Amino acid sequence: MAGEGGQARPYTITRILNHNVVLVEEFCSSQEIVLFGKGIGYGIKPGETVQITDARVEKRFRLDQEHHQVQYQAMLNQVDPAVVGIAEEIIALVAQEITPVLNEHVHVALPDHIHFAIYRLRNGLEIVNPFLFEVQALYPKEYLLAGRAGEMIQKAFSLGIPESEIGFLALHIHAAVSHTPVNKTVQLTHWTGEWVSLIEERAQQQIDRSSVDYVRLITHLRFTVERVQQRKPIKNPLQDRVKAMIPDVYPIAEALCASIAEKLGASVPEDEVGYLALHLYRMFYRPN
């Protein structure tokens, strides 16, 4: 959703989602806009107006792409307005805490996800997240915000929100702030889990997923993927010596990079192999 309009005519209320979120129509474009602000939806009805200078308005969001507008309207007819309202409050939190420039599809994807999560929880269906460790390591800032989002959902709907669901909320937040489709974010997280399993199998050792070295490895893997995708080379000044210095783990790094290359359909430079080998060496041998 884009920036604020500059018209003098007030907004017309079209729908109240909760006490803090309302949908309004912009006079000059007849386009629907989301307004977020504490108490802005309290005591008003559709058809009434809100001044564009209303001090209660903290955030304004407008869908720019027509297909997102269509999806949003369809979602509004299928999802409880209270769910849409809490999703918009979470989006406003993300805009405040991370970046105001978000992928506008989050306004469709997040309420839809929360809607089905609430359905599962109310019907006693377990929410399983096989990527939880990877999400926590790859997207720590998003995971922290997802925890706050989970508390908001829990308070609004009197539901216990499990940690597995916090992980899924973090994926949606990351997709919004990185302008990456959720399925691509899930795909990278899934691949990362596969790569960690590959390392454990080749090294015949279990990796402590609560360790700092694990977080460093996962973070490095994320940026390795980004560099390979963007074809940005990285220089490893130790590359000439790494292979000879740590022969036990270098083949594991080579196998790991071969898998990365296969998944991405792009070659992985030898310097990247060397850096990953160093991470593996530190993880398994913890040298001083």
Side-chain angles (χ1 to χ4, degrees), residues 1-2 11-26 30-42 44-47 50 58-95 102-129 142 145-162 164-177 181-183 185-186:
M1 288 191 178
Y11 298 122
T12 301
I13 302 289
T14 59
R15 196 178 306 213
I16 294 94
L17 298 178
N18 62 29
H19 286 172
N20 303 319
V21 182
V22 297
L23 294 180
V24 300
E25 185 178 277
E26 185 180 52
S30 297
Q31 190 173 353
E32 211 162 40
I33 296 174
V34 179
L35 299 184
F36 166 79
K38 295 297 182 183
I40 195 170
Y42 184 76
I44 60 173
K45 298 177 181 178
V50 175
E58 298 176 33
K59 301 286 181 185
R60 294 173 173 85
F61 302 109
R62 180 196 294 117
L63 284 169
D64 286 329
Q65 297 187 33
E66 186 176 351
H67 68 284
H68 285 155
Q69 295 172 18
V70 172
Q71 290 173 348
Y72 194 73
Q73 289 301 322
M75 182 269 297
L76 288 173
N77 293 327
Q78 298 169 5
V79 175
D80 182 352
V83 172
V84 182
I86 204 69
E88 292 294 349
E89 289 196 46
I90 293 168
I91 292 166
L93 175 67
V94 175
L102 301 174
N103 183 341
E104 64 179 40
H105 185 62
V106 69
H107 294 273
V108 177
L110 185 59
D112 188 63
H113 170 80
I114 294 172
H115 170 73
F116 283 109
I118 290 173
Y119 172 83
R120 290 195 297 270
L121 291 169
R122 283 177 172 169
N123 287 276
L125 302 175
E126 185 181 6
I127 295 177
V128 178
N129 190 337
E142 291 91 335
L145 269 188
R148 293 170 63 181
E151 292 172 0
M152 293 163 66
I153 297 169
Q154 180 169 311
K155 182 178 179 181
F157 300 99
S158 300
L159 282 170
I161 305 300
S164 54
E165 172 58 20
I166 301 299
F168 284 122
L169 290 171
L171 288 172
H172 278 274
I173 292 172
H174 176 72
V177 301
V182 175
N183 65 325
T185 301
V186 172

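Keep in mind that what you see is a predicted model, and the values were worked out from it rather than measured.
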[atom2] on [Y] to [atom1] on [X], rounded to 0.5 Å:
X      : Y      : atom1 : atom2 : result
Arg148 : Leu93  : CZ    : CG    : 4.5 Å
His68  : Glu104 : NE2   : CD    : 5.5 Å
Gln154 : Ile86  : CD    : CD1   : 11.5 Å
Leu145 : Leu169 : CG    : CG    : 11.0 Å
Glu58  : Glu89  : CD    : CD    : 9.5 Å
Asn20  : Lys59  : CG    : NZ    : 14.0 Å

What's the shortest heavy-atom distance between [X] and [Y], and which atoms?
X      : Y      : value
Ile166 : Ala146 : O-CB, 3.3 Å
Ala175 : Pro181 : CB-C, 4.3 Å
Val24  : Thr14  : N-OG1, 3.8 Å
Glu165 : Ile127 : OE1-CD1, 3.9 Å

May I ask you to decide if [Y]'s main-chain N or O and [X]'s side chain share a donor-acceptor pair within less than 3.5 Å?
X      : Y      : result
Thr12  : Glu25  : no
Thr185 : Leu171 : no
Gln69  : Leu63  : yes
Asn123 : Leu125 : no

With distance as the sole criterion, is a donor-acceptor pair present between the side chains of Gln71 and Asp112 under 3.5 Å?
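Per modelled atom types, Gln71 and Asp112 side chains form no pair under 3.5 Å.
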Do [X] and [Y] come close enough that some side-chain heavy atom pair is under 4.5 Å?
X      : Y      : result
His67  : His105 : no
Leu121 : Ile161 : yes
Arg122 : Phe157 : yes
Leu23  : Val34  : yes

Of all residues at least two apart in sequence or in a different chain, which pass the ring-ring contact (aromatic ring centres under 6.0 Å, His included) check with Phe116?
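Partners of Phe116 by the ring-ring contact (aromatic ring centres under 6.0 Å, His included) criterion come out as none, since no residue qualifies.
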Using the ring-ring contact (aromatic ring centres under 6.0 Å, His included) criterion, which residues pair with His19? Sequence neighbours excluded.
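Counting only residues at least two positions away or on another chain, His19 forms a ring-ring contact (aromatic ring centres under 6.0 Å, His included) with Tyr42.
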Look at the aromatic rings of Phe61 and His107 and report parallel, tilted or perpendicular, splitting at 30° and 60°.
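Tilted, since the angle between the ring planes falls between 30° and 60°.
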Apply side chain to side chain contact (heavy atoms under 4.5 Å, CB included) to the pair Leu35 and Val21, showing each step before the final yes or no.
CA-CA 6 Å; Leu35 299 184; Val21 182; over 6 Å; no
Dump the intermediate steps for side chain to side chain contact (heavy atoms under 4.5 Å, CB included) on Val177 and Leu102, then the final yes or no.
CA-CA 5 Å; Val177 301; Leu102 301 174; 3.7 Å; yes
Donor-acceptor contacts under 3.5 Å from residues 73-85 side chains, at least two apart:
residue: Gln73; atom: NE2; partner: Glu32; partner atom: OE1; Å: 2.4
residue: Asn77; atom: ND2; partner: Gln73; partner atom: O; Å: 3.2
residue: Asp80; atom: OD1; partner: Ala82; partner atom: N; Å: 3.0

